[in-house]
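Throughout, protein chains are lettered first and strands after them, A, B, ... in sequence-line order, and every chain is numbered starting at 1.
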There are 2 protein chains.
Amino acid sequence: MPTMADVARRAGVAVSTVSYVLSGARPVSERTRQRVMAAIAELGYHPNILARGLASKRTRVIALLFPSGTRGLSHDQLEFFSAAAEVASQRGYALLLWTTLGGDAEILRLTEEGLVEGLLLMEVRLHDPRVEALKALGYPFAMIGRTECNDGISYVDFDFEQAIRLCDQYLYELGHRHIAHLIYSPVPIEQSYGPAVRSLVGARAFCEEAGIPYIIRVSEADIEATYRAAHELLDSYPSLTAMVFVSDLQCAPVMQAIHERRLRVPEDFSVVSILSSRFAEMMAPPLTAIELPAVEMGHIGMELLIRYLEGDECVPTQLVLPPRLVVRQSCSVRTHTELSMQEAKCFQEGR
Amino acid sequence: MPTMADVARRAGVAVSTVSYVLSGARPVSERTRQRVMAAIAELGYHPNILARGLASKRTRVIALLFPSGTRGLSHDQLEFFSAAAEVASQRGYALLLWTTLGGDAEILRLTEEGLVEGLLLMEVRLHDPRVEALKALGYPFAMIGRTECNDGISYVDFDFEQAIRLCDQYLYELGHRHIAHLIYSPVPIEQSYGPAVRSLVGARAFCEEAGIPYIIRVSEADIEATYRAAHELLDSYPSLTAMVFVSDLQCAPVMQAIHERRLRVPEDFSVVSILSSRFAEMMAPPLTAIELPAVEMGHIGMELLIRYLEGDECVPTQLVLPPRLVVRQSCSVRTHTELSMQEAKCFQEGR
DNA sequence: AATTTAAATCGAAACGCTTCGACTAAGCGC
DNA sequence: GCGCTTAGTCGAAGCGTTTCGATTTAAATT
């Protein structure tokens, strides 16, 4: 593999001159530039990133702190980071995937090893030790999501509180009054998950304002727990005619529980969730949902980080994207007077 | 950030001694080792990867050559590489995500920049220029998938030919005789996609052996084309009672086309595909499918590469995983004599 | 024509590590 | 007691860049 010295020799100039041609840090005469470029082309020279990084502290490598296994890997997360990867690649950065198994220690290691210039965090908690640590270190990073106190940090997040309200409101306008909410567990408090907490707030607020019962069940994120929780909701509230849930991972177990009750969606039972369109359209029936702008968030998150790294902005950009309802085929009208299919069935069965 | 020199000074030894303590390349007395380790701990020292890599040519960074946009990002692919990422992380490697937009040139750049020790390829074609280039360079890599000629390369692949046969056979045993196949386009020939070609071979072979009509439609991988192709199949062959398709990306458009015909799955129409379980279980109804062992393939692929890098094996390992059918709820029995729902409907409508 | 200024280039010192050759002080056989 | 090995350590030379004076050359100013 040719080095810069080879190029310099071939072009008959000093190594530093070659470097200046490449970086543009100092003026170089046109004639010299031509000769150097020719030599580079002839030799098939590529600068060595390690050496460059060692000398200049700039590696053009960004790490994506990837959520570990707990919550499972969701379709939305896939979209987040394939979008992020795309932007990084366009801007000439390489993307390092970092699965943060080992907690804080691991992330510090990453920052100290010198390979990575900046970090993009996903699955940020309200009190996130990673964020504290990075802040203390003054290490450059941006977030998809946000903590409770985000002074001086760039982030892009989604307005889950409004999103849930929109779900509820839509169902309410369709005539539903008994709406169940199935939301991720927001505990443990000290590191609670923002979207869960904010969803709870939104749901409670809407139900109080609308004067309808606040029916809620929180569950762990795994399939099994979600499945049980859905069944428990349906058991405990026979008057339910609709359900709101908040993630693509809940989709399968929730729908299964509903089907097992012989409730048809949307004829007997309405369902709204917060999903990326790609996923919502894959379901049968296609699900009416709040559009989770996963691709947009991935793009913006990466863009924010890169801008910060390149020093274009000193003031952090903080963005909370507004929700938008996309009506598909998982909800139906329910009037006040009408007896729900479920109630009718219970009645027939003599319960 | 402390350097090795700082550690050496603190421990009262030479820099090289610190290096030997860390690498074990030469014997170090127990007393010295203790002192060095203490100094490292006190200073919170972490070796700089760039410097290490520059001096030693070992970076512990692996790149995953990530499929570009054409085929879209599928759930299976997500599983491939989150599995790969997991293994890499366990073995102390960092995973660089590389979206191969710029074709061959890009990949060469990656190899020449010195950052990356080895490559894991996904979405390998039968004749893959990337593979040719890497082979010519003698650059270490492994594949998920395989080309036509794989001499000297480690890979893990899935037996798509047998997989399709298993699909067909299962449907055949349920009594289906008119089975449609919806498969990715295997052209252009010069870089054809292995799974597509092998699926075609498998399907044709089974149909010939079983003496049933060989009903097939190839389509591009995008949603729209798949949707049209599914409709065309259903149009052209009114006697169809079952369909086989090969990827999670086809799922939504295929199911939608089927639903639009007012065919119920599985009562009126049976469906089998090749999917990771996680995905198959998310559908409504859960899909009977050949299990695509995506996680296993990701694990093994990465493991093969790392073994190769660490010199444990000189002989390449080549693995083709066998298919396994998982019965869920998307297929139903069809007897010879029974008139299909669809035929019955056509009849009623006087066609 | 003498002097100042700017453009273009060079040489060498980092950057933080690995690795090689050399040196010292033991331990060993004879 | 003499050379011989070997464990343990050190110093210094890279690895391939960037970057900072310093130097040379050409152009501009007086």
How long is the line joining [atom1] of [X] and [atom2] of [N], in whole Å?
{"X": "B:R33", "N": "D:dA7", "atom1": "CZ", "atom2": "P", "result": "15 Å"}
{"X": "B:R9", "N": "D:dG11", "atom1": "CZ", "atom2": "C1'", "result": "15 Å"}
{"X": "B:R35", "N": "D:dT9", "atom1": "CZ", "atom2": "C1'", "result": "12 Å"}
{"X": "A:L22", "N": "D:dT19", "atom1": "CG", "atom2": "P", "result": "12 Å"}

- [ ] Examine D:dT9: is either OP1 or OP2 under 4.0 Å from a nitrogen or oxygen in the side chain of B:S29? Give yes or no.
- [x] yes

- [ ] Taking all non-hydrogen atoms of both residues into account, name the closest pair between B:D76 and B:A294 and its distance.
- [x] O-CB, 3.9 Å

Open item on the list: Before you tell me yes or no, could you show the steps for B:L95 and B:M302 under side chain to side chain contact (heavy atoms under 4.5 Å, CB included), namely the whole-Å CA-CA distance, both residues' side-chain angles and the distance that decides it to 0.1 Å?
Closed with: CA-CA 10 Å; B:L95 224 214; B:M302 184 54 77; 3.9 Å; yes

Any side-chain heavy-atom pair from [X] and [Y] closer than 4.5 angstrom?
{"X": "A:Y93", "Y": "A:L309", "answer": "yes"}
{"X": "A:M122", "Y": "A:L64", "answer": "yes"}
{"X": "B:L119", "Y": "B:Y139", "answer": "yes"}
{"X": "A:N48", "Y": "A:T3", "answer": "no"}

Task: Electrostatic pair A:E303:A:R91 at N-O distance under 4.0 angstrom - done: yes

TODO: Considering only heavy atoms of chain A and a distance under 4.0 Å, specify the first and last nucleotide of DNA chain C in 5' to 3' order that meet this criterion.
DONE: C:dA8 to C:dG16

TODO: Just call it for A:T3: base, sugar-phosphate, or nothing, with non-hydrogen atoms closer than 4.0 Å on any strand.
DONE: sugar-phosphate

TODO: Mind checking B:S56 for me? I need base, sugar-phosphate or nothing, with any heavy atom below 4.0 Å counting as a touch.
DONE: sugar-phosphate

- [ ] Answer with yes or no whether the side chains of B:Y193 and B:E123 bring together a donor and an acceptor at under 3.5 Å.
- [x] yes

Task: Residue mapping more 5' on DNA chain D - nearest nucleotide basis, A:M1 or A:T17 - done: A:M1

Task: A:S23 or B:L54, whichever maps to the more 5' nucleotide of DNA chain D - done: B:L54

Open item on the list: Using heavy-atom distances to pick each residue's nearest nucleotide on DNA chain C, tell me which of B:S16 and B:A51 is more 5'.
Closed with: B:A51

TODO: State whether the side chain of A:E148 and the backbone N or O of A:L126 hold a donor-acceptor pair below 3.5 Å, judged by distance alone.
DONE: no

- [ ] Determine to 10° how strongly the helix from C:dA2-D:dT29 to C:dC30-D:dG1 is bent, judged from the axes of its five-pair ends.
- [x] 40°

Task: Under 3.5 Å donor-acceptor pair, A:R26 side-chain atoms to D:dG21 base atoms - done: yes

